[in-house]
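Working notes, beginning with the structure itself.
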Amino acid sequence: MLKNKTVVITGSSRGIGRGLAIQFAKEGANIVLNARKEIAPELIEEIESYGVKTHVVLGDIQYMDDAKKLITEAKETFGSVDVLINNAGITRDMLLMRMKEEEFDSVINVNLKGTFNTTQQVSSIMLKQKSGTIINMSSVVGLTGNAGQANYAASKAGVIGLTKSVARELASRGITCNAIAPGFIETDMTDVLSDKVKEATVAQIPLKKLGQVEDIARAAVFLATNKYITGQVINVDGGMVMNG
Ligand SMILES: NC(=O)c1ccc[n+]([C@@H]2O[C@H](COP(=O)([O-])OP(=O)(O)OC[C@H]3O[C@@H](n4cnc5c(N)ncnc54)[C@H](OP(=O)(O)O)[C@@H]3O)[C@@H](O)[C@H]2O)c1
């Protein structure tokens with residue numbers, strides 16, 4: 001179902017985004033990679049070893065011009081944009097009382113505004129195509145909140161509201177929009193946490209282990225290949241958050 005489709009993945013140089021790129025390449029999709037700094041040649045080589053094409057657009061998605069360039073180049077290169085995965089995200093953890101305005105703004109700008117930017121840019125293309133799938137990377141803390149992450153949790157809760165609104169606006173043209181709420185996944189983002197924090201987190205996970213990027217990537221492929229799921233938040237978290 002994904003063979004020769006075009007998948008744009010923001011923040012795909014490492015971590016979950018890298019895992020998404022490899023998984024969608026295995027499914028036969030052409031991949032448009034993005035990050036602010038660089039995409040390693042080894043990653044491009046690995047993706048293309050699955051017989052698909054890649055295109056790299058470096059840029060910072062918090063800026064509308066960069067988001068526009070990413071989506072425009074994807075369409076010009078491959079002729080369509082079938083799946084957009086808004087994966088790029090950052091943390092600037094700090095307790096509320098000590099959080100600087102810049103720490104709040106930068107996280108909202110990348111995680112929430114960045115998701116809005118690329119989604120708005122892709123929507124005209126998908127509306128014309130009368131098809132497309134948007135997948136937004138939220139987080140379980142967007143559902144539960146987390147001490148020390150007021151900025152990050154707010155951005156990820158915002159992504160959920162954005163996801164549901166976009167799902168409602170675009171559904172009549174056959175476009176789906178869903179969010180994935182990862183729990184604790186082993187990447188650079190979580191590597192900075194101390195062993196003590198990691199152990200305390202694992203203790204709270206019913207499945208008693210950290211998640212892997214492949215767990216998220218498989219959920220994304222599922223959402224991209226199911227045309228009757230929209231406006232949902234899929235938790236991939238080892239059972240951390242169980243919604244009624
Ligand atoms: N790891 C977890 O446990 C976990 C849990 C819940 C949710 N998430 C979410 O999952 C997503 C991926 O997380 P991760 O753990 O894979 O993070 P990561 O390892 O830190 O990777 C983040 C990726 O995003 C890129 N990026 C950051 N800011 C960007 C910007 N402004 N514009 C474009 N690209 C940008 C980074 O490359 P550059 O630095 O070169 O730009 C990198 O490729 C994030 O949205 C995160 O909030 C992760």
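The structure presented is a predicted model; accordingly, all values stated were derived computationally and were not measured. Just so you know, ligand 1 is whichever comes first in the structure, and atom 1 is the first atom listed for that ligand. Values below: every heavy atom of this structure, side chains too, minus hydrogens, waters and symmetry copies.
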Protein contact of atom 18 (P) of ligand 1 - nearest heavy atom, named by residue and atom, plus distance: R14 NE, 4.0 Å
Nearest non-hydrogen protein atom, atom 42 (C) of ligand 1: S13 OG, 3.5 Å
N111 N/O under 3.5 Å from ligand 1 N/O: no
Ligand-side contact atoms (ligand 1) for residue partner G59, heavy atom cut-off under 4.0 Å: 32 (N), 33 (C)
Side-chain donor or acceptor of S124 paired with backbone N/O of Q120 under 3.5 Å: no
Winner among L33, I16, D60, I185 once heavy atoms are compared against atom 48 (C) of ligand 1: I16
Residue and atom name of the nearest protein heavy atom (relative to atom 45 (O) of ligand 1), distance in Å to one decimal: N87 O, 2.7 Å
Ligand 1 contacted by G19 (non-hydrogen, < 4.0 Å): no
Element-labelled atoms of ligand 1 that are located less than 4.0 Å from some non-hydrogen atom of I90: 27 (C), 28 (N)
Full working for side chain to side chain donor-acceptor pair (under 3.5 Å) between N30 and T6: CA-CA 5 Å; N30 296 320; T6 310; 5.3 Å; no
Those atoms of ligand 1 less than 4.0 Å from some heavy atom in T187: 1 (N), 14 (P), 15 (O), 16 (O), 19 (O)
Numbered atoms and elements of ligand 1 in range of G15, under 4.0 angstrom, heavy atoms: 16 (O), 19 (O)
Atoms in ligand 1 with a heavy atom of A35 nearer than 4.0 Å: 34 (N), 37 (O), 40 (O), 41 (O)
Close side-chain approach of I9 and V7, heavy atoms under 4.5 Å: yes
Polar side chain donor-acceptor pair, N136 to T163, under 3.5 angstrom: yes
Linked, directly or transitively: L207 and I180 (ILVMFWY side chains, under 4.5 Å): no
Side chain, backbone, both or neither: the part of N34 lying under 4.0 Å from ligand 1 by heavy atom: side chain
Nearest-contact summary for atom 35 (C) of ligand 1 - protein heavy atom, Å: A88 CB, 3.6 Å
Numbered atoms of ligand 1 (with element) below 4.0 Å of T190, judged on heavy atoms: 1 (N), 2 (C), 3 (O)
Where ligand 1 meets K37 - atom numbers and elements under 4.0 angstrom, heavy-atom basis: 39 (O), 40 (O)
Closest approach of any protein heavy atom to atom 41 (O) of ligand 1, naming residue and atom: R36 NE, 2.7 Å
Verdict with reasoning, T119 to N86, per side chain to side chain donor-acceptor pair (under 3.5 Å): CA-CA 8 Å; T119 300; N86 286 307; 3.1 Å; yes
Polar side-chain atom of N151 near backbone of V107 as donor-acceptor pair, under 3.5 Å: no
Carboxylate-amine/guanidinium contact E103 R98, below 4.0 Å: no
Atom 46 (C) of ligand 1: nearest protein contact (heavy atom, Å): Y152 OH, 3.4 Å
F184 neighbourhood, listing ligand 1 atoms whose heavy-atom distance to it stays under 4.0 Å: 3 (O)
Check: Q232 side chain, T230 main-chain N or O, donor-acceptor pair, under 3.5 Å: yes
contact_flag T10 ligand 1 heavy-atom lt 4.0 Å: no
Side-chain (R18) to main-chain (S12) donor-acceptor, under 3.5 angstrom: no
Proximity winner for atom 22 (C) of ligand 1, if only heavy atoms of G89, G114, A181 are counted: G89
Ligand 1 versus I61: contacting region, heavy-atom distance under 4.0 Å: both
Path from I160 to I229 over hydrophobic side-chain contacts below 4.5 Å: no
Distance in Å, D66 CG paired with R36 CZ, rounded so as to fall on 0.5 Å steps: 11.0 Å
Close approach of G211 to ligand 1, heavy atoms, under 4.0 angstrom: no
For atom 5 (C) of ligand 1, closest protein heavy-atom neighbour: G183 O, 3.0 Å
Atom 23 (C) of ligand 1: the protein heavy-atom neighbour that sits closest, reported with distance to 0.1 Å: G11 O, 3.5 Å
R18 to ligand 1, any heavy atom closer than 4.0 Å: no
Steps toward salt bridge (charged side-chain N to carboxylate O under 4.0 Å, His left out) verdict (D191, K198): CA-CA 9 Å; D191 218 33; K198 283 186 194 167; 3.5 Å; yes
Nearest heavy-atom neighbours spanning L210 and E186: CD1-CG, 3.5 Å
